[in-house]
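For reference, the structure discussed in these notes is given below.
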Amino acid sequence: MAEVVVSKFSGKKKPKILVFCDYFLPGYKSGGGMRTIVNMIDRLHNKYDFWVVTRDHDGILDLEQYKTVEINRWNRVRNAQVFYLSKDSVTMSKIREVVLMVKPDLYYANSFFATLSIFLVRLRKLRRIPYKKIVIAPCGELSEGSLHLKFFKKWAFLKWSKLLDLYRDINWKASSELEKTEIHEIKGIGGEVFIAPDLPPRVLNEGFCFEKKPEKKEGSAKMIFLSRFTRKKNFKWFLDQLYFVKGELLIDIYGPLEDHDYWKECAAVIEKLPGNIIIESKGPIPYEDTAKKLLDYHFFVLPTLSENFGHVFLEALAAGCPLLISDRTPWLNLQSKGIGWDLPLEKGDAWIEAINACLAMESSDFKKISKNARNYATKWLANESVEKQTIELLNKSLTITQTTES
């Protein structure tokens, strides 16, 4: 549970950054986008004064208000001041009121299509709030796979925003070169696109030891799917490949079932699978429990249509779970690194071959690839450049804001 206390405004002189994100602590059901903000604040709060505007509930399916925070008031949540908006307070007038109250040096929107982000951009366009720099992190929303979901609604908004020149003079955060290219397809005049990886925690699965992993027997494997369950994650396509696997395969699904129609389609396929394959949905799991849960499995699977980063990939690697994922993420060349497979969705045969390789793997071979996964995650987390790129993005945006004002 998040540490939450009501607090007065901070008197610190650090640059003040006002963050807009749909969901925040104490929530855990909304995926990696929220974790990126939590990690950024935890890692950089000594340099910046973070204020967060968010909704009063946890994810799009759970509309019940949080019980441990005060709604429509400022709360101290770990290293940030957080304002939880009730449903009837998600309005442009309320956003303006909060902005004028905080008087930030920089705006940061953790989404492109979210209502809070759109209200922020519109308010600045209308000069209803101070004209500070805005940084937008699309969080993979502009990828081809994401844009095809609810395509006409998104297409209409992109046309409307371009007509109004809504995204002029915006700075953008991309998690990879691919996302940078996607942003350039829609960005307005002015502004820059910075590449900065989504920030993970400083340490994942502290105290890991291989002996905590389940025994790997030749001919069987335990896999975990840990993510929001939506059509974008492409699990039904994965199920269609399982008719051709050889061995005892168990797959547990953890995460909120956000698309119930899609889950029904998947459940219909699961019912027809042969008896050597067992698949169960376990529901959402609190973030603080994920590290321990990942230790219970051999491999991590996610045949996603796209991910701009994927915190869960690092979390799985840190738990000694090699990855079986699509090649539509920044985590590539996994086989050459000895930590898993990143495979094209156009080649179902390659997926079947990889699944069968997982099943056929002996204990000694699994121990090697599992330790490779853990070592890779540990080294990645220790790389100092991970933070430097985000700091550069924020500092340059703050400098631009100050220059514009002067």
Side-chain angles (χ1 to χ4, degrees), residues 32 140 143 145 175-176 178 197 204-205 210 213-214 216-227 232-255 273 276-277 279 294-380:
S143 69
S175 297
S176 64
L178 175 60
L204 285 169
N205 231 312
F210 180 78
K213 301 290 292 182
K216 177 67 176 71
K217 296 180 180 180
E218 184 179 357
S220 67
K222 295 178 66 178
M223 294 186 179
I224 181 171
F225 171 104
L226 176 58
S227 183
K232 176 186 170 184
K233 306 303 179 180
N234 203 32
F235 194 70
K236 183 173 181 288
W237 177 90
F238 178 75
L239 291 173
D240 290 335
Q241 317 310 313
L242 298 183
Y243 290 100
F244 306 98
V245 304
K246 301 173 182 178
E248 301 294 324
L249 178 60
L250 180 145
I251 305 175
D252 284 337
I253 300 168
Y254 288 90
L273 290 173
N276 61 308
I277 300 170
I279 301 175
L294 283 161
L295 290 173
D296 295 337
Y297 297 87
H298 299 119
F299 303 96
F300 175 90
V301 59
L302 189 64
T304 179
L305 294 176
S306 69
E307 300 293 328
N308 71 305
F309 180 72
H311 286 282
V312 72
F313 300 141
L314 262 180
E315 293 163 4
L317 291 171
C321 291
L323 307 179
L324 178 57
I325 62 177
S326 74
D327 62 354
R328 302 184 185 186
T329 85
W331 303 89
L332 301 173
N333 305 314
L334 301 181
Q335 266 188 283
S336 64
K337 297 169 184 172
I339 59 174
W341 298 260
D342 52 286
L343 302 171
L345 297 174
E346 297 79 13
K347 296 184 178 180
D349 290 347
W351 283 78
I352 296 167
E353 183 180 344
I355 297 167
N356 282 328
C358 292
L359 289 163
M361 195 174 292
E362 297 179 350
S363 177
S364 59
D365 292 330
F366 174 72
K367 184 175 183 178
K368 181 178 179 180
I369 192 174
S370 178
K371 287 188 172 182
N372 284 348
R374 170 65 184 180
N375 291 337
Y376 182 87
T378 301
K379 291 179 181 178
W380 198 97

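Model, not experiment: these values are computed from the prediction. The figures that follow rest on heavy atoms only: side chains count, while hydrogens, waters and symmetry mates do not.
Atom CZ of residue F300 and atom OG of residue S227 lie 6.5 Å apart, to the nearest 0.5 angstrom. Atom-to-atom distance recorded for T378:OG1 and L314:CG is 10.0 Å, nearest 0.5 angstrom. To the nearest 0.5 angstrom, K379 atom NZ is 6.0 Å from N375 atom CG. Rounding to the nearest 0.5 Å gives a distance of 9.5 Å between CG of L324 and CG of L302. If you take CZ on F313 and CH2 on W380, they are separated by 12.5 Å, rounding to the nearest 0.5 Å.
No donor-acceptor pair closer than 3.5 Å links the side chain of R374 to the backbone N or O of G320. No side-chain donor-acceptor contact under 3.5 Å links N234 to the backbone of L305. The backbone N or O of M223 sits nowhere less than 3.5 Å from a side-chain atom of H298 that would complete a donor-acceptor pair. In this structure, the side chain of K216 engages the main chain of S220 through a donor-acceptor pair within 3.5 Å. Checking side-chain atoms of N308 against main-chain N and O of S175 turns up no donor-acceptor pair under 3.5 Å.
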*asked:* Under the criterion side-chain contact (heavy atoms from CB on, under 4.5 Å), I'd like the reasoning laid out for L239 against I279: C-alpha separation, chi angles, the key distance, then a yes or no.
replied: CA-CA 10 Å; L239 291 173; I279 301 175; 3.3 Å; yes
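Aromatic rings of F309 and H311 (six-membered ring for Trp) have centroids within the 6.0 Å cut-off, being under it.
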Pairs under 3.5 angstrom only: tabulate donor-acceptor contacts from the side chains of residues 357-367 to other protein residues two or more places apart or in another chain.
none

Side-chain donor-acceptor distances from residues 240-255 under 3.5 Å, at least two apart:
{"from": "Q241", "atom 1": "NE2", "to": "W237", "atom 2": "O", "distance (Å)": "2.9"}
{"from": "D252", "atom 1": "OD2", "to": "Y297", "atom 2": "OH", "distance (Å)": "2.6"}
{"from": "Y254", "atom 1": "OH", "to": "Y297", "atom 2": "OH", "distance (Å)": "3.2"}

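When side chains are defined from C-beta on, W341 does not count as touching L334, because their heavy atoms never get closer than 4.5 Å. I339 places a side-chain heavy atom less than 4.5 Å from the side chain of L317.
Within the structure, salt bridge (charged side-chain N to carboxylate O under 4.0 Å, His left out) contacts touching residues 324-340 (residues at least two apart or in different chains) are R328-E346. Sorted by first and then second residue, the salt bridge (charged side-chain N to carboxylate O under 4.0 Å, His left out) pairs involving residues 300-325 (not counting sequence neighbours) are K233-E307.
Here the shortest heavy-atom pairing between G145 and S306 reads CA-OG, 4.3 Å. Counting all heavy atoms, side chain and backbone alike, L345 lies closest to W351 at CD2-CZ2, 3.8 Å. Nearest approach of A316 to L323, heavy atoms of both residues: CB-CD2, 3.8 Å. The two residues L295 and A319 make their nearest non-hydrogen contact at CD2-O, 3.7 Å.
Under the side chain to side chain donor-acceptor pair (under 3.5 Å) criterion, K213 pairs with no residue, sequence neighbours left out. Scanning for ring pair (Phe, Tyr, Trp, His ring centres under 6.0 Å) contacts around F235 gives F225, F229, F238, with sequence neighbours left out. Legend: residues meeting side chain to side chain donor-acceptor pair (under 3.5 Å) with S326, ordered by chain and number and at least two apart, are absent. Qualifying side chain to side chain contact (heavy atoms under 4.5 Å, CB included) partners for K347, counting only residues two or more places apart in sequence or in other chains: P344, A350.
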